[in-house]
Every structure is written in C-alpha cells, then in structure tokens.
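The structure under discussion appears below in the form of structure tokens.
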Amino acid sequence: MSRYNFKQTEEKWQKAWEDRQSFAVHVDPEKPKYYVLEMFPYPSGRIHMGHVRNYTLGDLVARYKRARGFNVLHPMGWDAFGLPAENAAIENKTHPALWTRQNIETMRQQLKTMGLSYDWNRELATCEPDYYRHEQKMFLDFLEEGLVYRKESWVNWDPVENTVLANEQVIDGKGWRSGAPVEKRQLSQWFLKITAFADDLLEELKSLERWPDRVRLMQENWIGRSEGAYMNFALKERDDSLQVFTTRHDTIFGASFCAIAASHPLAQELAGKDPDLADFIAECNRMGTSEADIETAEKKGFDTGLKALHMFQEGRELPVYVANFVLMEYGTGAIFGCPAHDQRDLDFARKYGLDVIPVVAPKDVDPKTFEVGDEAFIDEGLHINSDFLDGLNVEDGKAAASDGLEAISAGERAITYRLRDWGVSRQRYWGCPIPVIHCGDCGVVPVPETDLPVTLPDDVTLDEPGNPLDRHPTWKRVNCPRCDKPAERETDTFDTFFESSWYFARFCSPQAETALDRQAVDYWMPVDQYIGGIEHAVLHLLYSRFFTRALKQCGYLGVKEPFAGLMTQGMICHETYRDENGAWLYPDDIDFSGAGHPVHAETGKPVTVGRSEKMSKSRRNVVDPEAIIDQYGADTARLFMLSDSPPDRDLDWTDAGIDGAWRYVSRLWRMIDARLGRLPPPGTPRPDGGLSEAGDQLHRALHRTIANVSGDLDRFHFNKAVARIRELTNLIDELDGALGGVESDGWVLRESLEVVVRLAGPMMPHLAEELWQALGHQVLLVDTAWPEAEAALLVEETMTVAVQVNGKLRGTVELPKDAAENEAREAALALPRVSQALDGKEPRKVIVVPNRIINVVV
RNA sequence: GCCCCUGUGGCGGAAUUGGUAGACGCGCUGGAUUCAAAAUCCAGUUCUCGCAAGGGAGUGGGAGUUCGAUUCUCCCCGGGGGCACCA
C-alpha cells in the first residue's frame with residue numbers, strides 16, 4: 001500500500017492555486033462579499049505557533065465562506081514599524097529597514113508553506129513610504145478637522161540614554177538597558193482627540209453583537225464613563241478655588257478633607273515655597289504610573305496647610321492634602337474625601353486622624369447609633385447628618401445635591417471619562433515621521449501636501465543616546481513652507497498603533513494612488529470577521545474604531561465601525577523544562593525515551609518538568625512551526641490547531657497531539673485511496689433501487705454531518721466540527737463491510753467519501769484537494785461549492801427516550817417521534833427496571849417531555 | 001486594590017432552550033499482525049462494591065430553586081488575564 005506524500009502534495013497544490021490565481025479577488029457588486037482578516041504580524045524574524053493558530057483559523061473561515069458562495073477578501077501584510085527593529089539593528093550592526101525587509105522575506109516564505117488562501121497581490125508593509133505617505137495626509141486632515149492638538153505630557157525618561165522609555169522598558173523604576181533610575185519629564189507631544197468620540201465609542205459597543213462580551217466589557221471599562229458633578233471649593237485666604245470631580249456629591253456633608261494630585265498646578269505652586277512638599281511630590285513621581293501600582297501602594301498624603309471651605313456649611317474647613325492616589329489625568333486631578341463611604345478615603349482618614357462622619361445609613365439601622373469601623377459603607381441607604389439631603393436615598397440625594405450646587409453656583413452636573421486622548425508622539429527612528437515643521441516665527445506649520453511623503457533618512461546612528469532623527473546632521477533642517485525662513489522638522493514619529501489603525505481599509509485598494517479608493521472600501525468594509533489575540537482587546541481595537549470614525553469625518557470612507565465580527569484566540573502553551581541548576585531547556589533538548597524520568601539529551605542528567613505555560617523565548621518552551629511543517633506537513637499542523645481546543649481557549653502543544661493529527665491525515669488518505677476502485681464514476685446519479693440498511697444509515701449520517709459541521713463552523717466551534725468529521729470517518733469504516741448488497745450502496749459510499757473531503761477542505765486544504773482529484777474531479781475543490789444537507793434526511797422516525805425514576809436514569813425506550821403522552825407513559829412503566837425501582841409503590845406523577853425524557857415520581 | 005474569565009475522567013475537551021454527563025481525540029491496558037520493531041487493526045477504559053446481573057457515588061466546595069441542575073441563584077476556594085509607550 002502506498003503512503004501519503006505530504007511534501008509533494010502540498011507543494012503541488014500551492015503551486016496550482018498560485019498559477020490559477022485562485023484567491024485573487026476583485027470588487028464584484030453581483031456577489032455578496034465577505035472580508036476576513038487576521039491581525040497582521042510584526043516581522044520579528046520567523047513565524048511562531050501563535051501565528052500558525054491565528055492564520056489557520058482565518059484560513060478556515062475564508063475557505064468556508066468562499067465555498068458558501070461569498071466573494072472573499074483575505075489579505076496579508078506586515079506591521080513593519082516598531083522598536084524591535086531598532087534594538088536588533090544595534091545588536092546586529094544592521095539597519096532597521098534591512099532587518100525588517102529580510103524578516104518579511106523569511107516570514108512570507110514560511111507563511112506560503114502553510115497553504116493559506118491569501119490574495120498575495122494585496123500584500124503591504126507599513127514601513128514603505130507608499131503606505132505611510134497616506135497616513136501623513138490623514139494626520140494633516142485630522143489637524144484641519146480639529147482632531148489633533150499638542151500638549152505637555154509626562155513620560156518615563158532615561159537620563160543615560162537620553163530617551164523616552166515604554167512602561168515595559170522600566171524595570172523596578174530603572175531603565176532596562178542603562179539601569180539608571182527613570183525620571184518623569186514633561187515633553188510637548190501630539191495628541192489625537194479620541195475623547196471627542198468617547199460617548200459614541202461606548203454607545204456603539206452595543207451594536208457589535210459579533211464581538212466577545214468580555215472584549216466589549218474591557219472597552220467599556222477602559223472608556224470608564226462616570227456621571228457625577230464638578231464642585232468648586234473656595235480656598236481660605238486665597239482668591240482662587242479648587243475644582244473637584246466626584247460621583248458621590250450626595251456625601252458632601254461627610255467630607256473631611258480634599259486631596260490633589262502631585263502634578264496638580266496648585267501642588268506645583270506650593271512646592272516652590274515648601275521643600276518638604278517638593279520632596280513628597282518627587283517621591284510620588286518615582287512611583288509607578290500604572291493604576292495597579294497606585295491602587296496597591298500605601299496611601300500617603302502631605303498636608304499643604306490650605307483649607308477648602310465647605311459650600312453648604314458656613315465656617316466648616318477641610319484640610320487640603322497632596323495625595324499619591326489622586327491622578328491628574330482623571331477628572332480634575334482633585335477630590336474631596338468622604339471617609340465613611342469610600343474605602344480609600346477611610347484608610348487615608350484613619351492614617352491621618354481625620355473625622356469619619358456617616359452620612360448614609362442602611363434603612364433598617366438606627367441612624368443615631370450607626371457608625372463606620374474599618375469598612376466604608378458603600379451600599380444603598382438613607383441620608384443622615386446631611387441638612388437638606390436627610391432622608392433621601394442615594395440616587396435622589398445625588399440629584400438634590402446637584403440642584404443645590406447649581407443653585408448657589410458652586411458646581412454643576414458633569415460626565416467624565418477614564419479614557420484619555422491618544423498620545424501619538426514617539427522619540428524614535430523606526431516609525432512614520434510626523435509631517436509638521438516648527439518655525440520660529442510661524443509656529444507649527446503642516447508640511448504642504450505636495451511635499452509628502454516626509455521620508456526617513458537612511459543614514460542614521462542608532463547606538464548613541466537620544467533621538468536619531470533629532471541628532472541627524474541635516475534631515476530636520478528645512479525652510480518654513482510659510483515664510484521660507486530656516487526652520488526645523490518635527491523629529492518625533494508616530495506611535496506604531498497609527499499604522500495598524502487603518503491597514504484593514506488600505507487592503508481594499510492597496511495600490512490606489514489615494515489612501516482609500518471609495519468604491520473599493522464602500523464595497524469591502526467593514527471587515528466581516530477579524531481574528532487575533534485577546535491582548536489587543538483594548539488599544540488596537542479601540543484606536544481602530546476611533547480612527548475609522550475620524551476617517552469618516554474627513555470623508556475617506558462611509559462606515560464608523562471597522563470590525564463587524566471579532567474572534568479572539570487563546571495562547572499556545574507548552575510544558576517547561578529546567579536542568580539541575582534551574583536553567584530553562586528547549587523541548588528538543590529533552591530525551592523522553594527512557595522508562596524513568598526525562599533526562600537531558602546530551603548530559604543524561606535528570607530534568608524537572610514544569611507545568612504548561614504560554615510559549616515564550618525566555619522560558620524556551622517553544623516549538624518551531626517550520627520544523628513541524630517540515631516533519632508533518634501543513635495540513636497536520638493546521639488540523640492540530642483546530643482539533644482539541646475551542647479557538648478562544650489556550651491550546652496545549654503536545655507531541656502526542658501532533659502525532660494524532662498526523663495519524664488522521666494518513667488514515668483519511670488510506671481510507672479513500674483503498675476504496676477508489678470500488679466507486680462508481682464521479683457524478684453518477686443516484687440509482688433507482690433502494691439502499692441497504694447500512695447504506696441508509698450512512699446516508700442519513702452523512703447529511704446529519706453536513707448539517708452539524710456547517711452549524712459548528714458558523715458558530716466557530718471548530719473542534720466540534722473536527723470531531724463530527726472524525727465520527728463520520730469512523731462510521732464509514734464500521735459500515736463498510738455491510739455495504740455493497742445493492743447498487744445504490746456504491747453511490748452512498750462515494751457520496752460519503754466526497755462529503756468527508758469537502759467538509760475537510762477548509763481545514764486540510766492540500767490533502768482534500770488531492771483526494772478530490774483522486775476521486776476523479778476536474779474542477780478544483782477550492783472552486784467547488786459547500787455541500788447542502790437534505791432536510792428530509794435529518795428527521796428521525798424514532799427517538800430514544802430516557803426513563804428516570806425520581807430523577808435517576810433506569811433505562812431507555814424507543815418511541816415513534818412525537819409519540820403521545822399516554823403511549824410514552826405506558827412504555828416507560830412497562831420497563832422491568834422501572835417497576836423494580838418502584839418496588840410496588842404507585843407513581844405519584846409522571847412527567848413526559850416529548851422526544852426527550854420521562855420521569856416517574858414516587 | 002479594581003474589573004473580568006475559568007474549574008467536567010489520567011489529559012485536551014463534548015453535552016444547542018434546565019432533560020440519558022464524559023461525543024471526538026490523546027494516553028493507558030489486553031489482543032491480532034511481525035523474526036523483531038515501527039505502522040496498522042480489534043476490544044476495553046469516570047470512580048467504587050460485585051464472579052455476574054446489578055447497585056452506589058460523581059461536573060472545585062457548600063447551600064438553594066426544580067419532577068429533574070455541568071447548565072439558573074447565593075456564599076466560599078483554586079487557577080488565569082487586564083488595568084494607557086512591547087507588538
């Protein structure tokens with residue numbers, strides 16, 4: 001018996017699809033379109049298993065929709081700007097552009113061995129001027145629309161490298177490479193007004209029904225809309241006032257202090273005269289900026305000596321602190337503290353000996369004796385000790401407090417967001433230059449459209465401190481487009497999220513002279529199914545939603561939501577291995593052949609096997625896709641990616657699993673190869689004679705499988721779809737011996753084998769194409785429609801109904817479909833095991849759920 | 001700290017609206033084939049009592065709703081993720 005040669009077969013069909021341009025697509029208003037997109041990769045060097053999973057999922061969807069008659073757009077490109085290119089350039093003495101382009105070459109070749117149904121004619125790389133010139137134009141359009149502004153903002157500054165650090169480059173408060181303590185600095189940076197769309201971005205989440213709930217929830221939390229009030233406290237012995245934002249203005253009578261952020265202008269002003277305060281502010285600035293750092297740090301404050309005057313109580317004064325848990329970026333950078341009803345305020349008050357006055361008490365408690373201990377009372381209740389708010393519940397109290405504030409002009413209702421504007425300036429080389437010029441006389445001047453693109457210089461030095469573009473001897477020196485006097489280019493580049501915020505639209509017309517061809521984007525957009533990692537749940541997806549709105553406002557396209565459907569895939573995990581010294585080992589270094597514990601292949605020393613964790617280079621628990629594809633073939637790798645775990649869950653990579661997938665690939669090939677001689681020719685109409693019992697059983701099963709697999713694929717239950725196909729394979733094997741009694745059985749056998757091949761097509765495209773040809777078809781499988789299930793064959797004539805006594809299973813009965821209740825009851829009570837369980841007692845009640853279950857209650 | 005997800009055999013996972021828990025695969029055990037091995041095929045495989053027929057328990061733990069709960073409600077425990085310059 002011959003064996004399946006995956007290598008030859010996979011190359012053969014990849015070439016055939018390419019020669020025929022099977023996956024090249026064009027706008028065709030006559031056909032329904034379907035745009036499926038996987039998140040494009042950063043060209044880091046080689047593909048990893050995460051890519052293999054992502055692109056397998058996307059390819060399955062693309063091929064399935066194609067078979068279902070959609071005009072499918074399925075493109076691929078490269079998210080090619082980014083910091084790793086600069087790091088690699090320094091380490092390997094190469095150039096970021098060269099490094100990136102070489103990586104793209106390698107990775108494209110690797111992807112091509114997977115047999116993915118991309119329209120490669122649409123490939124793009126964001127680092128090419130032909131791509132980024134369009135986003136420079138977009139930026140200028142946004143500027144005109146008032147969606148862009150410049151402001152001072154805080155950054156992590158490495159004083160040795162003279163560079164801004166990303167949060168992940170700050171380790172224990174020190175620069176990752178220099179080890180120098182990181183400082184906070186203010187830089188003037190460009191911002192995009194994402195907050196202008198905050199409400200719409202929040203509101204429209206509801207319309208994204210084909211997004212996972214948890215992603216929508218994460219975005220909702222990120223936007224963080226809160227309804228509350230601004231309140232203005234007059235300051236004792238000063239002319240100005242302190243504005244705070246609060247969502248609990250109803251608790252104003254329980255206020256015992258105010259607190260401002262370390263970077264609040266008032267704090268800055270006071271620090272000028274108070275060295276101790278300046279020290280405290282410096283200490284706050286050394287603290288991490290993330291919310292987690294702030295929330296878990298000890299609550300500390302510094303009493304400024306200022307007193308805020310209570311707007312409703314003459315003579316009542318609240319001390320003003322600078323506190324490390326108040327963020328300048330949120331609300332107004334100032335709060336009032338009501339310790340009785342906020343845990344953080346309570347901790348703070350206990351620490352500094354401030355009053356704790358309860359102003360809301362639970363309904364069933366005597367207000368006179370109600371006290372707050374170590375736990376703030378944040379639940380619903382009625383107001384006490386609160387003057388005109390007494391007796392009101394929380395909601396009414398807020399409304400009344402707002403009215404009271406507005407009546408005396410001491411505040412107003414307000415809505416704030418946690419969402420902040422998007423800072424897009426980066427002090428790096430390998431990014432898209434921001435197309436503006438700074439002129440001493442004219443200020444900020446946009447680069448004229450005719451001068452676009454502003455391209456990066458090639459001759460830069462990266463291994464010195466500071467911003468390479470700023471350091472370049474000539475690049476930034478230009479004349480002002482307005483007054484022609486010597487001026488300087490902006491030397492910052494865009495955040496790389498900029499490129500990924502519109503690439504999906506560019507794929508609709510990747511060669512167009514303008515950024516977007518309206519006819520093409522109007523036809524293809526939005527993306528029908530977007531697939532990628534959950535790690536992009538907030539930033540990339542939110543920026544893209546914003547960007548699409550901004551582009552719509554500028555007339556680039558007509559939709560505001562870029563991604564109608566979203567699927568987030570889980571991570572790939574693998575066991576971890578360490579040697580005696582605790583050093584991580586690669587899976588390839590381990591020898592499992594011995595009877596005892598695994599040992600190091602070279603040294604023979606024992607190895608500790610750790611639990612399965614996300615594949616990562618640092619833990620060395622990685623498996624190289626190229627090696628797997630070389631050893632088992634792309635179809636086997638793809639099948640394994642789809643088999644065991646649902647797409648959104650983590651997947652454990654195991655040798656046993658990939659072996660199992662390979663066994664099925666060869667089994668399917670053998671199964672069909674061995675039967676080719678017994679089949680009627682392709683396209684033979686169904687013979688007139690009836691089927692044998694086995695033939696009928698197989699016939700029904702294959703149509704049930706079509707229905708189930710189609711349903712599973714529609715709902716992205718790919719692991720179940722694989723299981724259904726395997727079940728049908730098992731059944732064909734099982735019934736094979738009983739077939740052949742009548743002429744129609746041969747026809748059913750061919751139908752069954754063809755259905756298995758067609759259903760497996762999107763999963764194992766090369767094998768399926770090969771078998772389709774072996775079965776005698778001239779038209780390629782990729783050009784063949786998806787099979788349809790015959791509804792009549794899905795209806796069962798009899799049903800197996802479970803019989804319970806007091807909820808415990810005692811047997812089953814075969815009943816005609818939709819049998820009458822009486823009939824069902826009789827059949828159930830007639831079961832010996834039922835009467836045995838009844839033990840002579842009369843049933844009190846018999847519950848009959850048609851076609852499902854009968855429960856006898858005693 | 002806040003928010004979210006998750007928990008089912010030795011393992012990955014099924015169970016569409018509350019209705020036969022464990023589909024499918026992996027692993028393991030026994031057998032066939034082979035000089036031998038690989039590969040392949042057949043049978044078995046939740047735990048427990050029993051020679052068997054059959055009984056009992058069982059979806060992280062505890063309570064509740066129901067004729068019936070993996071599924072719904074409440075409390076508790078374990079594991080994981082996110083929280084603004086990695087992409």
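Residue numbers begin at 1 in each chain, while the letters A, B, ... track the order of the sequences. Because only heavy atoms are used, hydrogens play no part in the values below, and waters and symmetry mates are left out as well, while side chains stay in.
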Would you tabulate the side-chain donor-acceptor contacts of residues 640-650 of chain A under 3.5 Å, counting partners in other chains and residues two or more places apart, or write 'none'?
| from | atom 1 | to | atom 2 | distance (Å) |
| --- | --- | --- | --- | --- |
| A:Ser643 | OG | A:Leu639 | O | 2.6 |
| A:Asp650 | OD1 | A:Met571 | N | 2.9 |

Anything under 3.5 Å between a protein N or O and an N or O of nucleotides 53-59 of chain B, put it in a table, one pair a line.
| from | atom 1 | to | atom 2 | distance (Å) |
| --- | --- | --- | --- | --- |
| B:G55 | OP1 | A:Arg810 | NH1 | 3.4 |
| B:G55 | OP2 | A:Arg833 | NH2 | 3.3 |
| B:A57 | OP2 | A:Lys808 | NZ | 3.0 |

TODO: Would you give a per-nucleotide map of nucleotides 10-23 of chain B, 5' to 3', where B means the base has a protein non-hydrogen atom under 4.0 Å away, S means only the sugar-phosphate does, and - means neither?
DONE: --BSSS-B-BB--B
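- Here A:Arg420 lies in heavy-atom contact (under 4.0 Å) with a base.
- Within the structure, salt bridge (charged side-chain N to carboxylate O under 4.0 Å, His left out) pairs that include any residue of residues 39-56 of chain A comprise A:Arg46-A:Asp624, A:Arg46-A:Glu626 (at least two apart or interchain).
- Pairing for B:U46 goes to B:A57, judged as Watson-Crick or G-U wobble with the two contacts each under 3.5 Å.
- Both distances falling under 3.5 Å, in either a Watson-Crick or a G-U wobble arrangement, place B:G64 opposite B:C72.
- Residue order along RNA chain B, read from the 5' end via each residue's closest nucleotide, puts A:Asp659 first among A:Asp659 and A:Phe497.
- Among residues two or more places apart in sequence or in another chain, the salt bridge (charged side-chain N to carboxylate O under 4.0 Å, His left out) test is passed with A:Arg426 by A:Asp495.
- For A:Arg663 and B:G25, the CZ to P distance is 11 Å, given to the nearest whole Å.
- With both ends at atom P, the span from B:U70 to B:U20 equals 10 Å, rounded to whole Å.
- Atom name C1', nucleotides B:U45 and B:C26: the rounded distance is 13 Å, in whole Å.
- For A:Tyr429 (side chain) and A:Pro96 (main-chain N/O), no donor-acceptor pair under 3.5 Å exists by modelled atom type.
- One atom, CD1 of A:Ile658, and another, C1' of B:G27, lie 17 Å apart when rounded to the nearest Å.
- With a cut-off of 3.5 Å on both Watson-Crick or G-U wobble distances, the partner of B:U34 is given as none.
- A cation-pi arrangement is absent between A:Arg150 and A:Phe191, since the terminal nitrogen or guanidinium carbon is not both under 6.0 Å from the aromatic centre and inside a 45° cone about the axis.
- With RNA chain B read from its 5' end, the first of the two nearest nucleotides for A:Arg726 and A:Tyr543 is the one closest to A:Arg726.
- For the side chain to side chain contact (heavy atoms under 4.5 Å, CB included) test, no residue two or more places apart in sequence or in another chain qualifies with A:Gln631.
- Here B:G25 presents its P atom at 12 Å from CG of A:Leu728, a figure rounded to the nearest Å.
- B:C28 and B:G81 have their C1' atoms separated by 34 Å, with the value rounded to a whole Å.
- Of the possible donor and acceptor atoms, one in the side chain of A:His51 sits under 3.5 Å from a partner among the backbone N and O of A:His48.
- One interatomic measurement links the two molecules: CG of A:Asn730 to P of B:C41, which rounds to 10 Å at whole-angstrom precision.
- Following rounding to the nearest Å, A:Phe348 (CZ) and B:G1 (P) show an atom-to-atom distance of 20 Å.
- Within the 4.5 Å cutoff, no side-chain heavy atoms of A:Phe81 are placed close to those of A:Tyr42.
- Taking the C1' atoms as reference points, B:G58 lies 10 Å from B:G9, given to the whole Å.
- Residues forming a salt bridge (charged side-chain N to carboxylate O under 4.0 Å, His left out) with A:Arg248 (at least two apart in sequence, or on another chain): A:Asp250.
- Applying the salt bridge (charged side-chain N to carboxylate O under 4.0 Å, His left out) test to A:Lys351 and every residue at least two apart in sequence or in another chain returns A:Glu298.
- Between A:Arg216 and the phosphate of B:C3, there is no side-chain N or O to OP1/OP2 separation shorter than 4.0 Å.
- In this structure, the CZ atom of A:Arg825 is 13 Å from the C1' atom of B:C67, given to the nearest Å.
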Scan the side chains in residues 803-812 of chain A for donor-acceptor partners under 3.5 Å anywhere in the protein, sequence neighbours excluded, and list what turns up.
| from | atom 1 | to | atom 2 | distance (Å) |
| --- | --- | --- | --- | --- |
| A:Asn806 | OD1 | A:Val858 | N | 3.0 |

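- Of the nucleotides present, B:G82 is the one that pairs with B:C2 by Watson-Crick or G-U wobble criteria, both distances under 3.5 Å.
- For A:Ser666, the side chain to side chain contact (heavy atoms under 4.5 Å, CB included) partners are A:Trp662, A:Arg670, not counting sequence neighbours.
- Partners of A:Glu727 under the salt bridge (charged side-chain N to carboxylate O under 4.0 Å, His left out) rule, at least two apart in sequence or in another chain, are A:Arg724.
- The partner of B:G18 is absent, by the rule that a Watson-Crick or G-U pair needs both atom distances under 3.5 Å.
- For A:Trp78 and B:A87, the CH2 to P distance is 17 Å, given to the nearest whole Å.
- Heavy atoms of A:Val856 sit nowhere under 4.0 angstrom from any nucleic acid atom.
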Detail all sub-3.5 Å separations between protein N/O atoms and N/O atoms belonging to nucleotides 44-52 of chain B.
none

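- Remark: C1' of B:A84 and NZ of A:Lys193 are 20 Å apart, rounded to the nearest angstrom.
- Taking the side chain of A:Lys845 as heavy atoms from C-beta on, and the options B:C24, B:C3, B:C67, the nearest nucleotide is B:C67.
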